[in-house]
Amino acid sequence: MTATTETSPAASAGAAPERTADAEAVDPALRETARALHSPVVDWFAAHARDLPWRRPEAGAWGVMVSEFMLQQTPVNRVLPVYEEWMERWPRPADLAAEAPGEAVRAWGRLGYPRRALRLHGAAKAIAERHKGEVPVEHAQLLALPGVGEYTAAAVVSFAYGKRHAVLDTNVRRVFARAVSGQQYPPNATTAAERKLARMLLPEDEATASRWAAATMELGALVCTARSPACTRCPIAAQCAWQLAGAPEHQGPARRTQSYAGTDRQVRGRLLAVLRAAKDPVPQSDLDQVWHEPVQRARALDGLVSDGLVEPLEGKRYRLPLT
DNA sequence: TACTCGTGGGG
DNA sequence: TCCCCAAGAGT
């Protein structure tokens, strides 16, 4: 029974008058599908969830937010040590807000995409200034913070505050694509249909919805993986639309793989690595050593400066930003 | 929408 | 070895 992801005639025909304005019509078949998935997935999570530091109560909303920033496109194993250092050094948003942004970039280390460090610092400042030092509870307020998008806002709302909110990351999208839509992989870009499906599948009960969000993510991360899913260990393999369809190969455009060698990104990474390691301002002549091609080198450095990741000083010297 | 933005480990 | 991909956001 593959669930339809769009409006079904049955559900939308005679719109129930008692529905509130923003309530969505729910396909009865999909509702049944959802109920059949909730218990197995949530129970599996209770038995197999990893003991990650940001899942412990003492992490608090700030800990959850820090972890979510770090986990944007970076694997858990690499995040763990940096997260621990970070939380020890800056246990509250105000602690980070009081620091120079360059210190956040330095402490970010080699997690990659260092703009995230800058944005996390900016988010901490906004929280300190506009929210009395407390991580906001409202999704819209979270969304207004730098570096917080649809996913991160939902994750904080759900994981930190236990609210009922659909959480749609790459893991969840893959689980739903397979279990419900019968596809090996989700579309390249998140679609409105996926968002709607995620809302439809969300359990009504708040506490269950929160567990469901974390559980579907964990299932995607540990079992329903991209490359080689461990279907024998999957709690919903018997109901999986993709399995029931014979695990067909993905059709449609392949995800375009991003190159790295020789790109500006690589040059930026090398430049920033030098600056992270330096305690004092670095003369340009030192930065020139990291890349042979002068035009690309200059472009990369300019980009870092305009992104606010690097601060230019008098006499062709550079450092991580003090302000 | 499609593209940019780091880094490194596992298949 | 090489390639794929990993709890996205911003433009």
Side-chain angles (χ1 to χ4, degrees), chain A residues 45 49-50 52-55 59 63-83 105 108-120 122-123 142-160 165-175 184-192 194-195 198 213-222 224-230 250 253-276 290 299-300 302-304 306-310:
Chain A
F45 183 64
R50 289 168 292 180
L52 300 170
W54 44 86
R55 285 179 178 162
V64 171
M65 175 172 280
V66 168
S67 76
E68 293 303 337
F69 268 78
M70 292 182 173
L71 289 163
Q72 292 169 4
Q73 300 286 279
T74 301
V76 168
N77 289 336
R78 212 173 311 162
V79 164
L80 283 168
V82 182
Y83 172 84
V105 174
W108 197 255
R110 307 188 67 78
L111 289 182
Y113 292 149
R115 294 194 287 197
R116 292 181 291 162
L118 224 45
R119 289 170 181 157
L120 180 51
L142 288 160
L143 210 47
L145 299 172
V148 177
E150 175 65 34
Y151 162 75
T152 301
V156 171
V157 163
S158 181
F159 303 156
H165 201 293
V167 175
L168 203 54
D169 80 321
T170 185
N171 290 304
V172 177
R173 294 181 62 216
R174 190 174 52 248
V175 169
Q184 186 179 23
Y185 298 115
N188 280 336
T190 306
T191 63
E194 285 183 275
R195 294 192 189 89
T216 48
M217 276 185 66
E218 190 78 335
L219 187 63
L222 299 182
C224 194
T225 57
R227 213 98 51 101
S228 50
H250 180 70
R255 182 150 60 141
R256 103 171 227 295
T257 71
Q258 60 171 358
S259 55
Y260 179 66
T263 63
D264 286 6
R265 217 150 76 251
Q266 183 180 22
V267 185
R268 288 166 57 108
R270 290 193 183 183
L271 290 169
L272 213 53
V274 172
L275 291 164
R276 275 198 312 263
V290 307
R299 185 174 65 230
D302 282 351
L304 288 171
S306 64
D307 287 347
L309 283 163
V310 172

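Chain A is the first sequence line, chain B the second, and so forth, proteins listed ahead of strands; every chain is numbered from 1.
With both ends at atom P, the span from dA7(C) to dG11(B) equals 14 Å, rounded to whole Å. On the C1' atoms, dT1(B) is 13 Å away from dG10(C), given to the nearest whole Å. Rounded to whole Å, the separation between the C1' atoms of dC4(C) and dG6(B) comes to 15 Å. The P atoms of dA9(C) and dG8(B) are separated by 23 Å, rounded to the nearest whole Å. Comparing the same atom, C1', in dC5(C) and in dC5(B) gives a spacing of 16 Å after rounding to whole Å.
Atom CD of Q266(A) is separated from atom P of dG8(B) by 11 Å (rounded to the nearest Å). Nucleotide dC3(B) holds its C1' atom 14 Å from the CZ atom of R268(A), rounded to whole Å. Atom-to-atom, CZ of R270(A) to C1' of dG8(B) comes out at 15 Å; the value is rounded to the nearest Å. Protein atom CZ of R265(A) is 10 Å distant from nucleotide atom C1' of dT7(B), rounded to whole Å. With rounding to whole Å, N77(A) atom CG is found 9 Å from dG9(B) atom C1'. Remark: P of dG6(B) and CG of L275(A) are 13 Å apart, rounded to the nearest angstrom.
Among residues two or more places apart in sequence or in another chain, the salt bridge (charged side-chain N to carboxylate O under 4.0 Å, His left out) test is passed with R299(A) by D264(A). Contacts of L222(A) classified as side chain to side chain contact (heavy atoms under 4.5 Å, CB included), with partners at least two apart in sequence or in another chain: W44(A), R50(A), E218(A). In terms of the salt bridge (charged side-chain N to carboxylate O under 4.0 Å, His left out) criterion, residue partners of R268(A) (sequence neighbours excluded) are, by chain and number, D307(A). Listed by chain and number, the residues in a side chain to side chain contact (heavy atoms under 4.5 Å, CB included) with V82(A) are M70(A), L111(A) (sequence neighbours excluded).
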Let me check something: any side-chain donor-acceptor pairs from residues 143-155 of chain A under 3.5 Å, sequence neighbours excluded? List them with distances.
{"unit_1": "Y151(A)", "atom_1": "OH", "unit_2": "E68(A)", "atom_2": "OE1", "d": "2.7"}
{"unit_1": "T152(A)", "atom_1": "OG1", "unit_2": "Q72(A)", "atom_2": "NE2", "d": "3.0"}

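Checking side-chain atoms of R270(A) against main-chain N and O of V290(A) turns up a donor-acceptor pair under 3.5 Å.
Among the protein residues, F69(A) comes within range of no part of the nucleic acid, since none of its heavy atoms lies under 4.0 Å from any strand. Residue contacts shown for R299(A) are absent, as no nucleic acid heavy atom lies under 4.0 Å away. Here L272(A) lies out of heavy-atom contact (under 4.0 Å) with every strand.
Residues L52(A) and Y83(A) form no side-chain contact, since every pair of their non-hydrogen atoms from C-beta on lies 4.5 Å or further apart.
For R110(A) and S228(A), each mapped to the nucleotide of DNA chain B holding its nearest heavy atom, the one lying further toward the 5' end belongs to R110(A).
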TODO: Can you check each nucleotide of nucleotides 4-11 of chain C against protein heavy atoms at under 4.0 Å and return B for base, S for sugar-phosphate only, - for none, in 5' to 3' order?
DONE: BSBBBSS-
